[in-house]
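Worksheet: one structure, shown below.
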Amino acid sequence: MSTAGTVHDFDVVIIGGGLHGCSAAYHLAQAKLKPVVLEKHVVARHASSASAGGVRRLGRDPAEIPLAVASIEMWHSMRDMLGDDGEFRATGQVRVAENAAELQKCEERAARVRALGYDHEVVIDRKELRRLVPQVAEHCVGGLHTARDGYAFPFKATTAFRLKAEELGAVVKEGTKVEAIERSGERWVVRTNHGQFRAPVLVNAAGAWGAEIARMVGDDPVEEPVALMMMVSGRMPHFLDPTVGCMGRKLSFKQMRAGTVVIGGGHVGTVDRETELTELDFRKLALSARTVSAVFPIMKDATLVRCWAGVEGFTPDDIPYIGPSKAAPNVFHSFGFCGHGFQLGPVVGSITAQLVTQGKTNLPIEPFRIDRFAGKDARVPAH
Amino acid sequence: MSGEIIDLAVIGAGPAGMAAATVAADLGLDVTVFDENPAPGGQIYRGIEAVATKRASDLAMLGPAYEAGKTIVSAFRASKAKHQPNTSVWLVQKDRQLGIASGGRASMVQARRILIASGAQERPVPIPGWTLPGVMLAGATQGLLKSAGMVPSGPVVLAGNGPLLYQLGAQLAAAGAKVTALLETEARYGAALQHLPGAIASGGYLAKGLGLISAIRKAGVPIRRNVTGLKAIGKDHVEAVEFAANGRAWRLDCEVLCLHQGVVSNAQLTLAIPAKHEWNEAQRCWRPVTDAWGNTDLEGIAVAGDCGGIGGAEAAAHAGRIAACEAARALGKIDAPQRDTRASGDRSAWERHLRIRPFLDALYPPSRAIAVPADDVTLCRCEEVTAGEVRAAVRQGGTGPNQVKSFTRTGMGPCQGRMCALTVSEVIADQLGKSMAEVGTYRVRFPIKPLTVGELASLE
């Protein structure tokens, strides 16, 4: 173990050992650079292991669609890329309309996505909904479907990027907490509890702690940590392939291969910033249980064996920060994914590597700029 | 129930919970005991009222330590404490709200104080073949004797160590079971010897233990010492047990194999809240950190009995009464000097009962070879994960039980980690050359009792 005074030189210092940090490390190492990932706890400690693992283009903010569309191709070729697919299964995603008004919204949404030049969101009728989701409740009238979406195992996907990055020469330092960031000549010096890490380039992939890191280099984004709650049932006989959400209510619902059913959807608990521990709010989870019972009557007698929450960074407009610092040279941000950064992990790591090596990217990242709330009284809405 | 605030919520109707509730009610507190069983008694006095009234002839077989429960149950029944049987407590929050479930519905209860008396659980005994039908933990076998008078019909072998194993041996012999052998894994008389004065001062424990051993011998059950390499053999059901003793290999046919490596604190609830815990090296389990009155580091939440450290049923009852006095003080029914006076008899008795523990802990340590099993042994029964898979996850960078859980799914099944937490941490600690205190344990999450989607949906 290095002492506090030791200096380590790298090409890039990446702060944050979640999916985004590990993906950036992989893409940078692939570009023949030598990155180091500094992780204050352990790899995938927060959102990257607590996430429900949805690999979803369905329902994305228009700004995110080009990225999500590029990323899905990477998910489909992940085994070739990393030698491991993170247990990605392309079982599709469905968003259920529970009444005619919601079905109308599905039509409007699909039209809007088509107008942007994409055709992955397809409206399905009652019959097709039942074919895809046989156990859906009687009252549901149709929905939206994206066939090539699916889900993966967040911890395994993150680990797959990490291991491949390490194989290509990246270094991962766990238990290494950033204490200060300084500029020394043309290089960044990152002081930690385990020595100093020096590199010409800095990548901020610190998740819910991304704004804190950004402020260390002079940017001032708006971000709040939010604890997204999830529940999982015991094993049930196989009844569902796609991941299911609702048009009108908070729900994310999927049956894993093992038979367990993972239920999320954006109900939030509380985060203790000091201990980084989360507390659950069972009255909100009760709402979630009512939604599940209403949409999937088969679940009424299912036993919940565990509930948990993961800490994720949220922004005022519900889309992340991606791209260069506006305050300091050679700093690139990639954080604040608002609970839907998992699918984007592969492509955003590649965007970051392009920015580092070529100074530009071929994907539109302007909407994600770090200073978009500068001078505005922007707040993260209550969840 | 909504809107009503109870003074003291007691979780568990074993000796600690019943004794605490009896005293607290006597001191003027509004007390409710929540318990998942249909009748009071806990594990130790399971079914005592029914046995005493409907199966009185079984009392002799179950022994005087069991019959002692009659007094404590009847005092509890006679008190003003409320009893909510068939009720699981699936949530305890720092703000002292409890989530309970009963009759298919879930609700929340607000208490001014909470006393957790969730008792002990058996230490897992992960030997090769331990997942075969017919292989049981000793406490589960004993539970069937108490609740239903169920006696195994075919040949039974008992293996492991600890007082409960001998008690079960004596009970099974008295019940007419065909006990082929008692296989003792470890008994360190040398190490225990220094604690002998305490053991003697503790009261009748040594005589009781010797009495159990002589009852087993009188019944013609051979006791084999220094048994190693225990293995349950069978295809669809256990058929035999293999082991080494006296420098040779043995095989004994059996239809039931009862395993035991002592009991550990059931700290699932306090870990989940979470209260502050420490690793208890002597008892090799986690326990909540408490003061002399059972208070945890969380305001208004205390523990009593085996869930705060193994002391046995009698110590648990005294600890319950001590905690009840403290609850009455904290809620303003008595002052500190009154509390001290009222609790003094229980405190000295409690301390006396605990004096046997260093002797027993030293005499019957869990076997290292069982606590840290070979690669092919299943650790997590729910998700069928082996020790080898846990070691592979550690080699891939897993530094603690929560990461290993993400890698392998250990602890994610219906038992919620109860049956694998200790073994998983022991295997990781062993591989990394770290202490258990450094490695830690799973982050336990609510609901800590299985709750159906329908039950949770009913919560308002």
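Side-chain atoms are counted along with the backbone in the values below, which use heavy atoms only and exclude waters and symmetry mates. Here is the naming used below: chain letters follow the sequence lines, and residue numbers restart at 1 for every chain. Predicted model, so just to flag it, every value in this text is computed and none were measured.
Using a 4.5 Å cut-off between heavy atoms, B/Glu460 contacts chain A through its backbone alone, with no side-chain atom that close. Residue contact with chain A, scored on non-hydrogen atoms closer than 4.5 Å, involves the backbone and the side chain of B/Gln403 alike. Neither the backbone nor the side chain of A/Ser233 comes within less than 4.5 Å of any heavy atom in chain B. Of the two parts of A/Leu287, neither the backbone nor the side chain holds a non-hydrogen atom closer than 4.5 Å to a non-hydrogen atom of chain B. Heavy atoms of B/Ser406 lying under 4.5 Å from chain A belong to its backbone as well as its side chain. Of the atoms belonging to B/Cys382, it is backbone heavy atoms, and not side-chain ones, that fall under 4.5 Å from chain A. For chain A, the nearby parts of B/Leu459 are the backbone and the side chain; heavy atoms of each come within less than 4.5 Å. Interface remark: A/Ser48 contributes no atoms to any contact with chain B (heavy atom separation under 4.5 Å). With a 4.5 Å cut-off on non-hydrogen atoms, A/Thr291 does not touch chain B at all.
The number of heavy atoms from other shown groups lying within 6.0 Å of CD (B/Glu278) is above 12. Within a 6.0 Å sphere centred on CG of B/Asp375, other residues, nucleotides and ligands contribute more than 12 heavy atoms. Residue-environment remark: NZ (B/Lys82) exceeds the threshold of 12 foreign heavy atoms within 6.0 Å. Within 6.0 Å of CD on A/Gln135 lie more than 12 heavy atoms contributed by other residues, nucleotides or ligands.
A 4.5 Å side-chain heavy-atom check between B/Glu383 and A/Arg235 finds at least one atom pair inside the cut-off. In this structure, the side chains of B/Val453 and A/Lys300 stay at 4.5 Å or more apart for every pair of heavy atoms. Proximity of B/Arg445 to A/Leu280: side-chain heavy atoms (C-beta onward) are separated by under 4.5 Å at one or more points. Residues B/Thr399 and A/Glu174 have side chains in contact (heavy-atom distance under 4.5 Å, counting atoms from C-beta outward).
The two residues B/Pro447 and A/Leu304 make their nearest non-hydrogen contact at CG-O, 3.9 Å. Closest non-hydrogen pair, B/Ala457 versus A/Ala289, comes out as N-CB, 3.6 Å. For the pair A/Val305 and B/Met412, the tightest heavy-atom approach, listed with the atom from each and the gap, is CG2-O, 3.9 Å.
With chain B as the partner, the residue from A/Ala309, A/Ser288, A/Ala302 showing the most heavy-atom pairs under 4.5 Å is A/Ala302. Ranked by heavy-atom pairs shorter than 4.5 Å toward chain B, the options A/Lys156, A/Arg290, A/Glu279, A/Arg162 are led by A/Arg290. Options A/Gly234, A/Ala294, A/Gly175, A/Cys307 differ in how many heavy-atom pairs under 4.5 Å they form with chain B, and the most are formed by A/Cys307.
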Handout entry: Residues B/Leu456, A/Leu285; criterion side chain to side chain contact (heavy atoms under 4.5 Å, CB included); working and verdict
Key = CA-CA 8 Å; B/Leu456 180 56; A/Leu285 286 174; 4.1 Å; yes
Exercise for the section: Show your working on side chain to side chain contact (heavy atoms under 4.5 Å, CB included) between B/Gln97 and A/Arg283 and close with a plain yes or no. Expected result: CA-CA 12 Å; B/Gln97 282 196 73; A/Arg283 287 204 163 86; 3.5 Å; yes
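Considering CZ of A/Phe155 and CZ of B/Arg409, their distance stands at 13.5 Å, rounded to 0.5 Å. We find the CZ-CZ distance between B/Arg443 and A/Arg306 to be 12.5 Å, quoted to the nearest 0.5 Å. The OG atom of A/Ser293 lies 11.0 Å from the CD atom of B/Glu455; values are rounded to the nearest 0.5 Å.
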